[in-house]
Amino acid sequence: MSVQTWLRHARRSLLATGTTAVLTLALLVGTEATSQAASQRPCDLYASGGTPCVAAHSTTRALYGAYEGSLYQVRRASDSATKNIGVLSAGGYADAAAQDGFCAGTTCVITVIYDQSGRGNSLTQAPAGGAAPGPDNLAPATAAPITVAGHRAYGVYVAAGTGYRNNRTNGIATGDQPEGMYAVLDGTHFGGGCCFDYGNAETNSLDTGNGHMEAIYFGDSTIWGSGTGSGPWVMADLENGLFSGPNAGYNANDPSVSHRFLTAIVKGAPNLWAIKAANAQSGGLSTYYSGARPNVQGYNPMHKEGAIILGIGGDNSKSSSGTFYEGVMTSGYPTDATENAVQANITAAGYQAPPLASSALTPGARVSLKATTTCCNADYLRHQADGTVAISPITAASANADKSDATWIVRPGLADSACLSFESAGAPGQYLRHAGFQLRTASSDATALFNRDATFCLRAGHSGQGYSFQSVNYPNRFIRHYAYTGYLAGDGVGGNTWDSDALWSEDTSWLTAQPWS
Ligand code: AHR
């Protein structure tokens, strides 16, 4: 007997047998409803709301309860072979073990992020555009590890220079047609350049004028718009402008948001648009703006073209950074109720930062940190007698003083015990810190500033190798070597020569090695 037939029978008996059975049926119906709800994914919710997904991208999970195809494709460096990475079960989570097996002993990049909507709107390596040459870089496949519902998965780590695009799409809004979009991002990974975006852009990779884009922007650029605090902000990239609210420039209702997992929403319809955001791990959405189009020529009506971008601006501006886990674009302007249901589905998915267990980096351990860039992969992070920090080759034949200056004692982070500090083995009591964005060693003066400058949070290596060390007080800057010297560097942003985006991922990735002393 089918569940439906059984329920019909049960309902008939209930009428005859009274309230105890009513309660029993309520429980059974409730159980069925719960299990249906459990298998719903964001695109099922958008479809129920009458605004179906026309593009659905994720490297972490299925975005339809019934989706059992590939999520993304990786290519390995050793032989250029590719492999599609699917889900563990229909509607389920990424099969990260398949990637790990395929990429073992080599490195992989993400070559395709498949469209789950069935419209073929997959994302591949972005071509050259008006603002920058191409093709853009591809994301290292292991640089953004996370867990989702306890399953290991990988996000799309966009360093400056990385970008994905589809200029020949199907079903994406054009002109002034209504659309919605959300993305789940790493709110601690951002840049100030133009433009880490996900959404609707030009089909020729050129800046074709105001209103030709409608995309989620995340970062701390203040070139066109900003909100309260120092950023990062969720804004709408509408072409030739990042809008944080009704006015060009500053809007007081757009707050800085940096949840480790961030839900960002932008949607637009004729003379109507909105920005919303939320913590993707708990709680509901906040609306930062909902109202009329900007009072600037070209944005009402809109002139959307319907290409899809990830990690770049409409004209392939690629000097910003961020991390993407999942996102969709819809046909039609989703209701708030639908978006609330989607946010509940995202929080229920259980995104978590990964345990980056490494016995080499356990407080109390001694460790040496080896550079990974090809120029310098026999070099170690070390300080000099005058406290400046550099990289240099260390071998068994090196002087003992050099060996100890290239050895660090791992300490709980002075400003945050969930992060790390590094005490010099060669100069006990002296800690690795930044000052003026240059690395040096110095004795603690016990100030809050010293503690923050000397605290670094462990992240997966940006190049896909080893670890990267994020400053606790400048979260978009990391320990880097540049011209053989140690710095705290942003990815193409910061204004110093050592913030160059060239080789940034490699220069900020370090291997742990046996301590030299
Ligand atoms: O709107 C901001 C940026 O301006 C767009 O992303 C880019 O196409 C242009 O440079």
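All figures in this text were calculated on a predicted structure; none of them were measured in a lab. In each ligand, atom 1 is the first atom listed, and ligand 1 is the first ligand listed.
Considering backbone and side-chain N/O of Gly314, one or more are found under 3.5 Å from N/O of ligand 1. Looking at ligand 1, you'll find an N or O of Asp315 within less than 3.5 Å of one of its N or O atoms. The shortest N or O to N or O distance between Cys195 and ligand 1 is not under 3.5 Å. Residue contacts with ligand 1: Asp207 is placed with no nitrogen or oxygen under 3.5 Å of a nitrogen or oxygen of the ligand (distance criterion only).
Every pair passing side chain to side chain donor-acceptor pair (under 3.5 Å) that includes a residue from residues 118-144 is listed here, sequence neighbours excluded: Arg119-Asn170, Asp136-Asn316, Asp136-Lys318.
Note on ligand 1: Trp224 sits in its first shell, one or more heavy atoms being nearer than 4.0 Å. Contact between Met213 and ligand 1 is present, with at least one heavy atom of the residue lying under 4.0 Å from the ligand.
The existence of a salt bridge linking Asp176 and Lys304 is excluded, since no basic side-chain nitrogen approaches an acidic carboxylate oxygen closer than 4.0 Å.
Of all the listed residues (Ala131, Gly130, Cys194), Cys194 holds the heavy atom that lies closest to atom 3 (C) of ligand 1.
Two rings, from Tyr72 and Tyr154, have their centers 6.0 Å or more apart. The aromatic ring centres of Phe261 and Tyr351 sit less than 6.0 Å apart.
Counted within 6.0 Å of CZ on Arg293, heavy atoms from surrounding residues, nucleotides or ligands total more than 12; the atom is thus considered enclosed.
Of the protein's non-hydrogen atoms, the one nearest atom 1 (O) of ligand 1 is Asp237 OD1, 2.6 Å.
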